[in-house]
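This report concerns only the one structure given below.
In this chain, numbering begins with 1 at the start of the sequence shown. Both backbone and side-chain heavy atoms feed into the values below; hydrogens, waters and symmetry mates do not.
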Amino acid sequence: MNSVLFTVIMVGFWGLNLMNGTGLGTVYHTIALSQTAAVVLAAGCLFRQVGKDGGLYAARRYFYPGLAMAAVFTVSGWFGGHGLQALEYLWAYLIVYIFANIRVRRKALRLAGFAYAGLGAAILYIFGFMDALDGWNGNTIAMVGLFSFLIFIIPYFGATDRRSKLMLPGVALAYVFLLQYTDSRSCMIAVVLSILLTFGIIPMKKVLRSKKWLWFILLVPVLVAGVIVLISGSGLADGLNTWSLQEFGKPIFNGRDTLWQQGFETLFDNFWFGTGYINSGYWHNSAVACLAAFGAVGFGLWVKLFHVMLGDVRRYSGDVCVAGAMTAFLVLYCQQSVELGLIAPNPNMLPYVMLGLMLGRVRYLKGKET
C-alpha cells in the first residue's frame with residue numbers, strides 16, 4: 001500500500017479513537033461510525049481475499065480461539081442480563097483483521113509513526129498548556145499519548161544508527177515532560193521502559209521467541225493485582241504509601257488495591273463465566289476487568305487469543321517491525337495492569353491497530369518469501 005494512503009488510514013483511526021471517548025463522539029455518533037467502518041472494511045478484506053492463499057491467514061489461524069472467546073463473552077453477557085454488550089467490545093478485533101490484510105512496509109510505518117508522534121504530543125501539549133481539553137480525564141489523555149508513542153517507535157526496535165540514538169530519546173523526554181501534566185505515572189514509566197527495550201538496554205529478543213515468556217507477560221496484570229491485594233494493609237504497603245505521598249503527592253495504589261479486591265470477590269461469586277458486564281472506567285486493570293466480566297473461562301480464552309497471535313509471529317521476531325510491534329504491545333499490555341482501555345464497552349482502538357500492524361508486517365514478509 002502507498003505510504004501516504006496508509007498514513008491517512010492510520011490517522012483516521014487515531015482521530016476516531018480520540019473522538020469516541022468524548023461528548024463530541026456521542027453527538028456525532030463516532031462510535032457507531034467506527035463500528036460500521038470496521039464491519040465494512042473487514043467484510044471487504046474477507047471478500048477480496050476469498051480463495052487466495054495467505055489472504056485469510058488471520059481469519060483461519062485465529063478463527064477458532066476468537067470464535068470461542070466471542071461465544072463465551074456473548075453468552076455470559078446474555079445470561080447475565082446485559083444483552084449483547086460484549087459485542088460493543090468484540091468489534092475491536094475487526095481492526096486487527098483489517099490491518100492484518102495490509103502488507104505493512106517499514107517506510108509506510110515510519111511515516112505513519114511520525115504522524116502519530118506529532119498527534120500524541122499535540123494532544124498532550126493542548127491538555128497541559130491550553131484550555132481546549134479542560135475537564136477531560138488525565139489518564140485518558142495520557143494513554144492516547146502513550147499509545148501514539150509506542151506505535152511511533154515500532155520501526156526503530158534495535159536501532160543502532162546515530163540519528164535514531166539522538167531522535168528517540170529526545171522524543172521520549174518530550175513525552176515524559178508532557179505526561180507530567182496528566183499525572184499518569186504508569187504512562188511515564190511505560191515510555192521510559194519502551195526506550196530501554198528498543199535500544200536493547202533491557203534485552204527482549206529471547207523473550208519474544210519464547211512461548212513461556214509470552215505466557216508470563218500476558219499474566220502480569222493478574223499477578224500484579226493479586227500481589228497488591230495480598231500486601232495491601234501490610235507494613236510494606238504503608239511504607240510504599242509514605243514514599244509515594246512524599247514523591248508524587250498521592251498514595252502508591254491510589255485506591256486500586258480496594259478495587260481489585262472487589263474485583264476478585266466478584267470473580268469468586270461468578271467464577272466460571274463472570275457477571276457478563278464490562279464495567280468501563282472502574283477496575284483499572286485489564287485482567288480484573290475481564291475476570292469480573294467473563295470469569296475464569298472468558299479470561300483464559302482472552303489471554304489465549306493474544307498468545308496465539310504473538311506466538312504465531314515470534315519466528316519473524318528477527319524483523320525490526322515485528323519485534324517492535326510485539327514489544328510495543330507487551331509494554332502497553334503491562335501498563336494496563338494499572339489502567340483501563342484495553343477491554344471496555346468502548347475500547348481504545350490503538351492496541352488493536354498495533355496487533356494488526358504486527359500481523360500485517362508478517363503478511364508482507366510472507367509475501368517476500370514466496
Side-chain angles (χ1 to χ4, degrees), residues 4-44 84-99 102 111-152 175 178-179 181-184 187 278-282 284 286 289 328-329 332 335-336 339-357:
V4 174
L5 176 59
F6 178 79
T7 300
V8 169
I9 293 171
M10 289 281 289
V11 169
F13 273 92
W14 191 95
L16 284 173
N17 182 68
L18 180 67
M19 293 284 285
N20 284 351
T22 70
L24 289 173
T26 302
V27 171
Y28 293 106
H29 308 291
T30 59
I31 297 174
L33 177 61
S34 300
Q35 293 169 343
T36 302
V39 170
V40 171
L41 289 172
L84 299 176
Q85 187 212 34
L87 297 180
E88 297 177 18
Y89 162 67
L90 291 169
W91 73 270
Y93 287 89
L94 294 177
I95 298 171
V96 181
Y97 177 64
I98 291 165
F99 280 93
I102 297 174
L111 182 60
F114 277 117
Y116 267 52
L119 290 167
I123 204 71
L124 290 172
Y125 179 85
I126 292 169
F127 181 82
F129 296 96
M130 302 174 71
D131 299 328
L133 299 179
D134 280 356
W136 285 43
N137 182 277
N139 283 339
T140 299
I141 294 295
M143 282 188 290
V144 171
L146 170 64
F147 296 172
S148 300
F149 177 81
L150 290 175
I151 289 176
F152 160 67
Y175 263 81
L178 292 170
L179 283 166
Y181 295 94
T182 68
D183 202 26
S184 176
C187 288
I278 307 176
N279 196 333
S280 178
Y282 187 71
H284 287 272
S286 60
F329 178 78
L332 180 157
Q335 186 267 346
Q336 290 289 290
E339 277 304 341
L340 43 87
L342 184 60
I343 179 168
N346 175 25
N348 193 304
M349 295 195 292
L350 299 188
Y352 300 93
V353 169
M354 200 176 293
L355 285 172
L357 293 174

Report summary line: CD1 (I9) and CG (L5) are apart, to the nearest 0.5 Å, by 4.0 Å

**Report entry** Derivation of the side-chain contact (heavy atoms from CB on, under 4.5 Å) call for E88 and I278
**Finding:** CA-CA 10 Å; E88 297 177 18; I278 307 176; over 6 Å; no

Requested in this report: Could you check if a side-chain atom of I126 sits within less than 4.5 angstrom of a side-chain atom of I141, using non-hydrogen atoms only?
Outcome: no

Query raised in the report: How would you list, by chain and number, every residue that makes a side chain to side chain contact (heavy atoms under 4.5 Å, CB included) with T7, sequence neighbours excluded?
Result: V11, L111, A112, A115

Query - Aromatic plane relationship, F149 with Y175 - under 30° parallel, 30 to 60° tilted, over 60° perpendicular - result: tilted

Query - F147: ring pair (Phe, Tyr, Trp, His ring centres under 6.0 Å) partners, not counting sequence neighbours - result: none

Query raised in the report: Quick one: side chain to side chain donor-acceptor pair (under 3.5 Å) partners of S148, sequence neighbours excluded?
Result: W14

Show the atom names and distances, to 0.1 Å, of all donor-acceptor pairs under 3.5 Å that link a side chain in residues 31-41 to residues at least two apart or in another chain.
from : atom 1 : to  : atom 2 : distance (Å)
S34  : OG     : N20 : ND2    : 3.2
S34  : OG     : T30 : O      : 2.8
T36  : OG1    : A32 : O      : 2.8

Report task. Could you pull out all residues at least two apart from Y89 that satisfy side chain to side chain donor-acceptor pair (under 3.5 Å)? Result -> Y93, W302, Y352

**Report entry** Results of side chain to side chain donor-acceptor pair (under 3.5 Å) for Q335 - residues two or more places apart only
**Finding:** S186

Query raised in the report: Atom CD1 of I343 and atom CG of N348: how far apart are they, to the nearest 0.5 Å?
Result: 13.5 Å

**Report entry** Contacts of Y125 that satisfy ring pair (Phe, Tyr, Trp, His ring centres under 6.0 Å) - sequence neighbours left out
**Finding:** F129

Query - Nearest-0.5 Å distance that lies between atom CG in N17 and atom CD1 in I95 - result: 8.0 Å

Report summary line: So the salt bridge (charged side-chain N to carboxylate O under 4.0 Å, His left out) pairs with at least one residue in residues 339-356 (sequence neighbours excluded) are R256-E339

Report task. Calculate, to the nearest 0.5 Å, the distance between atoms CE and CZ belonging to M354 and F329 respectively. Result -> 8.0 Å

Report task. Indicate yes or no for a side-chain donor-acceptor contact from Q336 to the backbone of L342 under 3.5 Å, with no hydrogens or angles considered. Result -> yes

Requested in this report: To the nearest 0.5 angstrom, please state how far the CG atom of L179 sits from the CZ atom of F127.
Outcome: 10.5 Å

Query raised in the report: Of T140, L146, N139, which meets side-chain contact (heavy atoms from CB on, under 4.5 Å) against S184?
Result: N139

Query raised in the report: Among all residues two or more places apart in sequence or in another chain, which pass the side chain to side chain contact (heavy atoms under 4.5 Å, CB included) test with D183?
Result: K250

Query raised in the report: Which value, rounded to the nearest 0.5 Å, describes the distance between N137 atom CG and T182 atom OG1?
Result: 9.5 Å

Report task. Go through I123 and L119 one step at a time and tell me if the side-chain contact (heavy atoms from CB on, under 4.5 Å) criterion holds. Result -> CA-CA 6 Å; I123 204 71; L119 290 167; over 6 Å; no

